[in-house]
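Keep in mind that the numbers below use all heavy atoms, side chains included, and drop hydrogens, waters and symmetry copies.
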Amino acid sequence: MGQVVAETGRAVLVTGASRGIGRTVALAFAARGDRVAVHHRASPDAAAAVLAELPGESHLAVQADLADAGAVREMVDRAAAALGGLDVLVNNAGVYTVHEITETSYEEWQRAWRQILDVNLVGAANTTWCAVRHMLDRGGGRIVNVSSRGAFRGEPRHPAYGASKAGLNAFGQSMARALAPYRIAVATVAPGYVETDMTNELLKPPRGAEIRAQSPFGRVARPEEVAAAVLYLASPEAEFVSGAILDVNGASYLRT
């Protein structure tokens, strides 16, 4: 792993791929014959476990704190060098902490906003900048941002998270217009609650029943459903969907 190889499939970088939605997205791309770089911040063992699950060869794990602009550039360049280029970027990594405005100190409030925006929005923007340099060499590419239902309905307990995802939506649409002349399509998927290890505690009784009842299907999304949306938006057939934001929330929040 980590060496330049003859191309088979596409070269894909998935941020935050050592667990949850990112892991499932990485598995889905690999199952299609793509070569995948599994990004993690500080979980090498989890990333190695994901690599062991991926079908095919030539995958690798890459590490970076997305709040560190220099580390982001090194990570993207390493992924591109190892994969023989870069065709698809999935901006999936994100952080999510409780910081209710009436319950946090001013210092805690500032820290939460800095940390969340640095990773969820600025980190994604920097990763995109670095990835685009490699996509321009390929004559095109796909960028898929993983946003959230919270960007639209609000996040009273996690306001910086909601703001970061709303910003990510606007960033994706700006990039869709900027990069279309270079055959790089940019789209966004906006899930509601998803059944992963990260939401395990939230989905336990009694809160879990309330969350599932938000959807008329009476459940939350499976990570495979989000991965299927990402695969479509990253596909050659989805070029003219560039700029779109695809909701994956089981009709739990509808917008017009």
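- With a 4.5 Å cut-off on side-chain heavy atoms, Val88 and Val90 count as touching.
- Residues Leu60 and Val38 are not in side-chain contact: their nearest non-hydrogen atoms beyond the backbone lie 4.5 Å or more apart.
- Rounding to the nearest 0.5 Å gives a distance of 5.0 Å between CG of Asp34 and CZ of Arg10.
- Residues Phe217 and Leu246 do not share a hydrophobic cluster, defined by chaining ILVMFWY side chains whose heavy atoms lie under 4.5 Å apart.
- Panel note: side chain Arg41, backbone Gly16; no donor-acceptor pair is recorded below 3.5 Å.
- Every residue two or more places apart in sequence or in another chain that forms a side-chain hydrogen bond (donor to acceptor under 3.5 Å, both in side chains) with Asn169 is listed here: Ser147.
- Using a 4.5 Å heavy-atom threshold, the side chains of Val189 and Asn145 count as separate.
- Residues forming a side-chain contact (heavy atoms from CB on, under 4.5 Å) with Val119 (at least two apart in sequence, or on another chain): Leu66, Ala67, Val95.
- A donor-acceptor contact shorter than 3.5 Å is absent between the side chain of Thr196 and the backbone of Ile21.
- With side-chain heavy atoms closer than 4.5 Å counting as contact, directly or through intermediates, the hydrophobic cluster containing Tyr253 also holds Phe152, Ile245.
- In this structure, Val144 and Leu231 have side chains that are not in contact, with every pair of non-hydrogen atoms separated by 4.5 Å or more.
- The hydrophobic cluster of Val122 has no other members, since no ILVMFWY side-chain heavy atom comes under 4.5 Å of it.
- Taken from NE2 in His39 to CG in Asn91, the straight-line distance is 10.5 Å, to the nearest 0.5 Å.
- When the side chains of ILVMFWY residues are joined at heavy-atom separations under 4.5 Å, either directly or via intervening members, Val226 and Met198 end up in two distinct hydrophobic clusters.
- Put simply, CE on Met75 and CG on Asn126 are 10.0 Å apart, with the number rounded to the nearest 0.5 Å.
- Within the structure, salt bridge (Lys or Arg N to Asp or Glu O under 4.0 Å) pairs that include any residue of residues 170-195 comprise Arg183-Glu239 (at least two apart or interchain).
- Here Thr97 contributes atom OG1 and Glu108 contributes atom CD; the two are 10.0 Å apart, rounded to the nearest 0.5 Å.
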Determine, stepwise, if the pair Val220 / Leu203 fulfils side chain to side chain contact (heavy atoms under 4.5 Å, CB included). CA-CA 9 Å; Val220 299; Leu203 295 177; 4.0 Å; yes

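- In this structure, Leu233 CG and Ile143 CD1 are separated by 12.5 Å, a value rounded to the nearest 0.5 Å.
- For the pair Leu89/Arg142, no side-chain contact is recorded, criterion being any heavy-atom separation below 4.5 Å from C-beta on.
- Here salt bridge (Lys or Arg N to Asp or Glu O under 4.0 Å) pairs that include residues 163-175, with residues two or more places apart or in two chains, number zero.
- Without hydrogens or angle criteria, Asn249 side chain to Pro191 main chain gives no donor-acceptor distance under 3.5 Å.
- Checked by atom type and distance alone, the side chain of Arg133 pairs as donor or acceptor with a backbone atom of Trp129 at under 3.5 Å.
- What you find for Ala11 and Leu83 is that their closest heavy atoms are CB-CB, 3.7 Å.
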Taking only distance into account, with no hydrogens and no angle test, what donor-acceptor pairs under 3.5 Å do side-chain atoms of residues 155-163 form with protein atoms, sequence neighbours excluded?
{"residue": "Glu155", "atom": "OE1", "partner": "His158", "partner atom": "ND1", "Å": "3.2"}
{"residue": "His158", "atom": "ND1", "partner": "Tyr96", "partner atom": "OH", "Å": "3.3"}
{"residue": "His158", "atom": "NE2", "partner": "Tyr96", "partner atom": "OH", "Å": "3.4"}

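- Annotation for Cys130 and Val72: closest pair SG-CG1, 4.3 Å, computed over non-hydrogen atoms.
- With hydrogens and angles disregarded, no donor-acceptor distance shorter than 3.5 Å links the side chain of Gln63 to the backbone of His40.
- Looking at heavy atoms from C-beta onward, Val14 lies in side-chain contact with Val36 at the 4.5 angstrom threshold.
- Using a 4.0 Å cut-off between a side-chain N of Lys or Arg and a carboxylate O of Asp or Glu, Arg19 and Asp197 qualify as a salt bridge.
- Defined by atom type and a distance below 3.5 Å, a donor-acceptor pair is missing between the side-chain atoms of Thr102 and Glu100.
- Residues Val132 and Ile184 meet the side-chain proximity criterion, which asks for heavy atoms closer than 4.5 Å.
- With sequence neighbours excluded, the residues forming a side-chain hydrogen bond (donor to acceptor under 3.5 Å, both in side chains) with Ser18 are Ser43, listed by chain and number.
- The minimum heavy-atom distance between Leu13 and Val76, with the atom names listed, is CD2-CG2, 4.0 Å.
- A side-chain donor from one of Asp77 and His134 sits under 3.5 Å from a side-chain acceptor of the other.
- Put simply, Val98 and Tyr106 are part of two different groups of oily side chains (I, L, V, M, F, W, Y) that touch within less than 4.5 Å, one to the next.
- Closest heavy-atom contact between Phe171 and Ala124: CE2-O, 4.4 Å.
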Indicate every side-chain donor-acceptor pair of residues 45-54 with a distance under 3.5 Å to a residue at least two apart or in another chain.
{"residue": "Glu53", "atom": "OE1", "partner": "Arg23", "partner atom": "NH2", "Å": "2.7"}
{"residue": "Glu53", "atom": "OE2", "partner": "Arg23", "partner atom": "NE", "Å": "3.0"}

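- With rounding to the nearest 0.5 angstrom, the CZ atom of Arg35 is 9.5 Å from the CG atom of Leu86.
- Formation of a donor-acceptor pair under 3.5 Å by the Ser242 side chain with backbone atoms of Val186 is found in this model.
- Nearest heavy atom pair, residue Asn120 against residue Gly94, reads OD1-CA, 3.1 Å.
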Report the C-alpha separation of Met135 and Asp87 in whole Å, then their side-chain angles, then the decisive distance to 0.1 Å, and conclude whether the side chain to side chain contact (heavy atoms under 4.5 Å, CB included) test is met. CA-CA 6 Å; Met135 293 179 183; Asp87 300 301; over 6 Å; no

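- Residues in residues 206-223 take part in these side chain to side chain donor-acceptor pair (under 3.5 Å) pairs, two or more places apart or across chains: Arg149-Gln214, Arg207-Glu210, Arg219-Glu225, Arg222-Glu225.
- Shown here are the ring pair (Phe, Tyr, Trp, His ring centres under 6.0 Å) partners of Trp109, two or more places apart in sequence or in another chain: His99, Trp113.
- Note on residues 245-256: pairs passing salt bridge (Lys or Arg N to Asp or Glu O under 4.0 Å), not counting sequence neighbours, are Asp247-Arg255.
- The minimum heavy-atom distance between Gly250 and Pro216, with the atom names listed, is O-CD, 3.2 Å.
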